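Accompanying notes for the structure given below.
Excluded from the calculations below are hydrogen atoms, water molecules and symmetry mates; all remaining heavy atoms, backbone and side chain alike, are included. Because the structure is predicted, anything quoted here is derived from the model rather than measured.
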Amino acid sequence: MASDDLFDDILNLEEQYYKEGYDEGYKDGAEAGRIEGRSVGMKKGFEKFLEAGRLQSKAVVWANRIPNFQKKPTPNNDSQQEPSQESPSSVQDEKKSESEPKTLPPLNSNARLEKNITMLYGMVEPGTLSTKNDDESVNDFDSRIKGAQGRVKMIERAVGEGASKGSADRFRSAQSTQKNENIEDIGRISRRTERPADQG
């Protein structure tokens with residue numbers, strides 16, 4: 001009976017090595033998956049917050065172009081100082097032009113445009129965007145970005161600015177290409193085995 005135990009161990013070597021290999025592979029895969037998942041998550045998170053920042057900056061620029069939202073200019077202390085008599089007038093004019101702030105032309109505002117700009121800013125306000133990685137937070141973030149992109153299109157039409165091929169289109173096209181990565185959707189591939197008629 002002792003000899004039967006020896007042969008049983010030999011016959012079970014394959015199962016033993018399979019189990020050891022599986023356990024080691026599972027352990028290595030779990031570690032590599034965490035590393036890869038973190039890098040992919042960082043990349044996707046960066047892309048999403050970059051788009052949110054782009055939309056928020058548009059809202060801020062538009063809000064500053066609406067006369068009702070602009071702050072009244074305050075007198076600057078530098079303008080009260082008298083220029084020195086030694087500098088020539090061309091240098092004084094150059095200094096004045098450099099110190100004057102550059103502004104964009106104001107927008108013709110109406111209640112609807114003001115409301116859309118306010119809502120756009122509210123959708124992508126940095127403090128309200130969640131950085132959690134659960135399904136509810138991710139879906140909320142994505143729906144807010146899509147809603148904000150829709151608001152941007154409405155505002156651009158109202159303001160008369162053309163929709164540029166910016167990162168919103170890149171963001172949208174990146175999502176659509178990930179959905180249809182099927183080789184059959186590419187089209188017909190010509191055969192390389194056919195010979196031209198003249199080589200016969």
Side-chain angles (χ1 to χ4, degrees), residues 22-74 76 101-186:
Y22 178 82
D23 291 342
E24 288 178 15
Y26 186 83
K27 179 183 168 190
D28 291 346
E31 185 176 334
R34 277 194 299 272
I35 293 169
E36 185 177 351
R38 179 171 172 78
S39 66
V40 169
M42 294 289 280
K43 178 184 173 197
K44 291 296 177 187
F46 178 79
E47 289 172 359
K48 288 182 176 189
F49 273 91
L50 179 69
E51 179 67 11
R54 187 186 73 81
L55 295 172
Q56 184 213 8
S57 65
K58 281 189 160 207
V60 168
V61 169
W62 283 325
N64 285 323
R65 290 179 64 189
I66 292 181
N68 294 345
F69 291 163
Q70 291 179 351
K71 294 180 180 177
K72 302 295 179 205
T74 58
N76 194 356
K102 308 275 191 249
T103 59
L104 292 171
L107 297 175
N108 296 330
S109 74
N110 58 41
R112 177 177 280 173
L113 180 63
E114 291 175 13
K115 181 183 130 195
N116 283 332
I117 291 173
T118 304
M119 291 203 53
L120 171 64
Y121 184 80
M123 289 175 148
V124 291
E125 190 173 6
T128 63
L129 294 174
S130 176
T131 57
K132 293 181 181 175
N133 196 20
D134 57 359
D135 289 339
E136 185 178 337
S137 298
V138 171
N139 289 336
D140 179 55
F141 187 94
D142 289 342
S143 66
R144 288 173 71 176
I145 292 295
K146 286 186 182 192
Q149 288 171 342
R151 292 268 174 203
V152 165
K153 286 182 182 179
M154 290 185 342
I155 295 169
E156 284 177 342
R157 287 187 192 124
V159 170
E161 294 178 3
S164 62
K165 291 283 183 185
S167 62
D169 294 330
R170 285 193 300 258
F171 182 71
R172 202 173 306 111
S173 66
Q175 288 180 339
S176 63
T177 56
Q178 292 173 355
K179 291 179 183 173
N180 281 332
E181 289 185 351
N182 192 350
I183 190 73
E184 295 172 357
D185 294 339
I186 293 174

(message) I'd like to know whether Arg112 forms a side chain to side chain contact (heavy atoms under 4.5 Å, CB included) with Met154, so could you lay out the CA-CA distance, the side-chain angles of the two residues, the decisive distance to 0.1 Å, and finally the verdict.
(response) CA-CA 10 Å; Arg112 177 177 280 173; Met154 290 185 342; over 6 Å; no
(request) Run the numbers on Asn116 and Trp62 for side chain to side chain contact (heavy atoms under 4.5 Å, CB included), then give the verdict. (result) CA-CA 10 Å; Asn116 283 332; Trp62 283 325; over 6 Å; no
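Remark: side-chain polar atoms of Asn64 are paired, donor with acceptor, to backbone N or O of Val60 under 3.5 angstrom.
Met119 contributes atom CE, which lies 4.0 Å from atom CZ of Arg151 (distance to the nearest 0.5 angstrom). Distance check, rounded to the nearest 0.5 Å: CD1 of Ile155 to CD of Glu114 gives 11.5 Å.
Taking the side chain to side chain contact (heavy atoms under 4.5 Å, CB included) definition, one finds that Ala158 meets it with Leu113, sequence neighbours left out. A search for salt bridge (Lys or Arg N to Asp or Glu O under 4.0 Å) contacts involving Asp28 returns nothing, not counting sequence neighbours.
Heavy atoms from other residues, nucleotides or ligands lying under 6.0 Å from CG of Asn133 number 12 at most. The number of heavy-atom neighbours closer than 6.0 Å to CG of Asn108, taken from other residues, nucleotides and ligands shown, is 12 or below. Annotation: Asp23, atom CG; neighbour count of heavy atoms from other residues, nucleotides and ligands within 6.0 Å is above 12.
Within the structure, side chain to side chain donor-acceptor pair (under 3.5 Å) contacts touching residues 29-43 (residues at least two apart or in different chains) do not occur.
Under the 4.0 Å criterion applied to side-chain N and carboxylate O atoms, Glu156 and Lys153 are not assigned as salt-bridge partners. The pair Glu51-Lys48 does not count as a salt bridge, with every side-chain nitrogen at least 4.0 angstrom from each carboxylate oxygen.
Taking both residues in full, the closest heavy atoms of Arg144 and Gly122 are given as NH2-O, 3.4 Å, listed atom of the first, atom of the second, then distance. Residues Ser130 and Phe141 approach most closely at O-CD1, 4.1 Å, considering heavy atoms. Heavy atoms only, all atoms of each residue included: Leu120 and Ala59 are closest at CD2-CB, 3.7 Å. Of all heavy-atom pairs between Lys132 and Val138, the closest is O-CG2, 4.2 Å. Across all non-hydrogen atoms, the minimal contact from Ile145 to Ala52 is CD1-CB, 3.6 Å. The two residues Ala148 and Val124 come nearest to each other via the heavy atoms CB-CG1, 3.7 Å.
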